[in-house]
Amino acid sequence: MLSATFLALATLAAASPITPRQSGNAPFTWGKAYSLVVNVTDISTDFQSNPVHGLKVVGVHAGAGLNSPTVTFNPESHGDVFFNSLTDHTVRLSGGTPSLPPIGVKLYDNNPSAGNPPFLHELGFNFGNGTWGFGASAGPLNPRPCPQLWAPLEGTFVVCDRGIEAPTYPRFAVQFVEGQANSGTHKWYQPEPHVPANCVAVKLVPKCATPSENDGKSSNGDVEAENVQCYPDVGAIQWAEYSECW
Ligand SMILES: *[C@@H]1O[C@H](CO)[C@@H](O)[C@H](O)[C@H]1NC(C)=O
Ligand SMILES: *[C@@H]1O[C@H](CO)[C@@H](O)[C@H](O)[C@H]1NC(C)=O
């Protein structure tokens, strides 16, 4: 009787939801295509009335072969799908048409005449190879234990609330802000000082997706899709159970 009670208590204790923060990192696998999930590392900075944490990145049609990166508030949306080009270190949209140019992820120069604050760079998913230096994974180019999208410059991705919504001008723009605070090891959670007040700093976390058989084929020439680290289900990760990404 006593031992039965003891056993029951021991079982209860083993099933306790209080899990200590482990030393490992959230488990990821490898794949040749991924969607991008917005991760607000400092959740207190997220937009109060339109939180973007956990939303997926999509491009909104902004002209022929031009797409303006934003987030989708539609929980049914799977988000846009991307792949890394191993051949030229670009990131491109998956599922293109072999007889057309690829749609590459582009980073534009800071443009004060377009009203951009200092250090802010607009992004586009536009006809062309994409800007050299985008990629996703952890590894030599991203010496941190957590996979993420990285950019050709040091700094952070941001989601900015531009206040107005138009058919080709999404209100919440995924953009990039230059800075050094996030660089190097053990700096994953450092705030970047140049992030404008209407923007929130985010990591773009790769979620494994199904590649298209057309990936890498285009009228610009063929490239090889890279195998990259991705999480099977970003939304299911309990970050607090794992060691920090630093
Ligand atoms: C995602 O954000 C949470 C806080 O909201 C943080 O604990 C976790 O480390 C972040 N993960 C990545 C990969 O940035
Ligand atoms: C685009 O990429 C292809 C394949 O790497 C390359 O042959 C071509 O020269 C590139 N075009 C431009 C404009 O960089």
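All ligand and atom numbering here is 1-based and tracks the order in the structure. No hydrogens, no waters, no symmetry mates; every other heavy atom, side chains included, goes into these values.
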Student: For ligand 2, which atoms, with element, lie under 4.0 Å from some heavy atom of V223?
Tutor: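 The list of qualifying atoms is 4 (C), 5 (O).
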
Student: Does H89 have a heavy atom less than 4.0 Å from any atom of ligand 2?
Tutor: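 Outside the 4.0 Å threshold, so no.
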
Student: Give a yes-or-no answer on whether the side chains of Y108 and N116 include a donor-acceptor pair shorter than 3.5 Å.
Tutor: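 No - no donor-acceptor pair under 3.5 Å links their side chains.
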
Student: Considering distance alone, does some N or O of W188 sit under 3.5 Å from an N or O of ligand 1?
Tutor: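 Yes; at least one N/O pair falls below 3.5 Å.
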
Student: State, to 0.1 Å, how close W150 and A136 come at their nearest heavy-atom pair, and which atoms those are.
Tutor: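 Shortest heavy-atom separation between W150 and A136 comes out as CZ3-C, 3.5 Å.
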
Student: So which heavy atom in the protein is nearest atom 7 (O) of ligand 2, and how far is it from that ligand atom?
Tutor: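 For this ligand atom, the closest protein heavy atom is N220 O, 3.6 Å.
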
Student: Measure across C245 and Y189 and return the closest heavy-atom pair with its distance rounded to 0.1 Å.
Tutor: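 Minimum heavy-atom separation between C245 and Y189: N-OH, 3.2 Å.
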
Student: Taking all non-hydrogen atoms of both residues into account, name the closest pair between D46 and H53 and its distance.
Tutor: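 Smallest heavy-atom distance, with atoms named: OD2-N, 3.1 Å.
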
Student: Is a donor from one side chain sitting under 3.5 angstrom from an acceptor on the other, for N220 and S218?
Tutor: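 No, no side-chain donor-acceptor pair sits under 3.5 Å.
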
Student: Is atom 9 (O) of ligand 2 near the protein, in the sense that some protein heavy atom lies at less than 4.0 Å from it?
Tutor: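 It does not; no protein heavy atom is within 4.0 Å.
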
Student: Return a yes/no value for C146: is any of its N or O atoms, backbone included, closer than 3.5 angstrom to an N or O of ligand 1?
Tutor: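 Such a contact does not occur with ligand 1.
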
Student: Can the ring centres of F47 and F172 be said to be less than 6.0 Å apart?
Tutor: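 Aromatic pair counts; centres sit under 6.0 Å.
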
Student: Hey, does L120 have a side-chain heavy atom less than 4.5 Å from the side chain of C160?
Tutor: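 They are in contact (side-chain heavy atoms under 4.5 Å apart), so the answer is yes.
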
Student: Give the atoms of ligand 1, by number and element, whose distance to some non-hydrogen atom of K203 is under 4.0 Å.
Tutor: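 This gives 14 (O) as the contact atoms.
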
Student: Is the number of heavy atoms from other residues, nucleotides or ligands within 6.0 Å of CH2 (W132) greater than 12?
Tutor: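 Open.
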
Student: May I ask you to decide whether D233 forms a salt bridge with K207, counting only side-chain N to carboxylate O separations under 4.0 Å?
Tutor: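 Here D233 does not pair with K207 in a salt bridge, since their nearest N and O are not under 4.0 Å apart.
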
Student: Mind checking whether D42 contacts ligand 1 via backbone (N, CA, C, O), side chain (CB onward), both or neither, at a 4.0 Å heavy-atom cut-off?
Tutor: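 Under 4.0 Å from ligand 1, D42 contributes no heavy atoms.
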
Student: Which atoms of ligand 2 have any heavy atom of R92 under 4.0 Å away?
Tutor: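 Counting from 1, the qualifying ligand atoms are 2 (O).
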
Student: Heavy atoms only: which of D88, N129, D222 is nearest to atom 1 (C) of ligand 2?
Tutor: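 Ranked by closest heavy atom to atom 1 (C) of ligand 2, first place is N129.
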
Student: What I want to know is whether Y231 and ligand 1 share at least one N or O pair that is separated by under 3.5 angstrom.
Tutor: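 No; the residue has no nitrogen or oxygen that sits under 3.5 Å from a nitrogen or oxygen of the ligand.
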
Student: Using a 4.0 Å cut-off to any heavy atom of V40, which atoms of ligand 1 qualify?
Tutor: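 It comes down to these atoms of ligand 1: 2 (O), 4 (C), 5 (O).
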
Student: List every atom of ligand 1 that sits less than 4.0 Å from any heavy atom of Y189, numbering the atoms from 1 in the order shown and giving each element.
Tutor: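 So the atoms of ligand 1 that pass are 8 (C), 9 (O).
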
Student: What atoms of ligand 1 come within less than 4.0 Å of a heavy atom belonging to I43?
Tutor: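 With I43 as reference, the close atoms of ligand 1 come out as 5 (O).
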
Student: Take every heavy atom of Y242, measure it against each atom of ligand 1, and state whether any distance is under 4.0 Å.
Tutor: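 Under 4.0 Å: no for Y242.
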
Student: Answer side chain, backbone, both or neither: which part of E224 comes under 4.0 Å from ligand 2, heavy atoms only.
Tutor: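 No part of E224 comes within reach of ligand 2.
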
Student: Short list, please: which atoms of ligand 1 are under 4.0 Å from a heavy atom of N39?
Tutor: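 Every atom of ligand 1 under 4.0 Å from some heavy atom of N39: 1 (C), 2 (O), 3 (C), 8 (C), 10 (C), 11 (N), 12 (C), 14 (O).
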
Student: Do H194 and E178 meet the criterion of a side-chain donor-acceptor pair at a distance under 3.5 Å?
Tutor: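 No, because no side-chain N or O of H194 sits under 3.5 Å from a partner of the opposite role on E178.
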
Student: Report the part of H53 (side chain from C-beta onward, or backbone N, CA, C, O) that has a heavy atom under 4.0 Å from ligand 1; answer both or neither where that applies.
Tutor: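 It is the side chain that touches ligand 1; the backbone stays farther off.
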
Student: So which heavy atom on T131 is nearest to which on T90, and how close?
Tutor: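 Result for this residue pair: O-CG2, 3.9 Å.
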
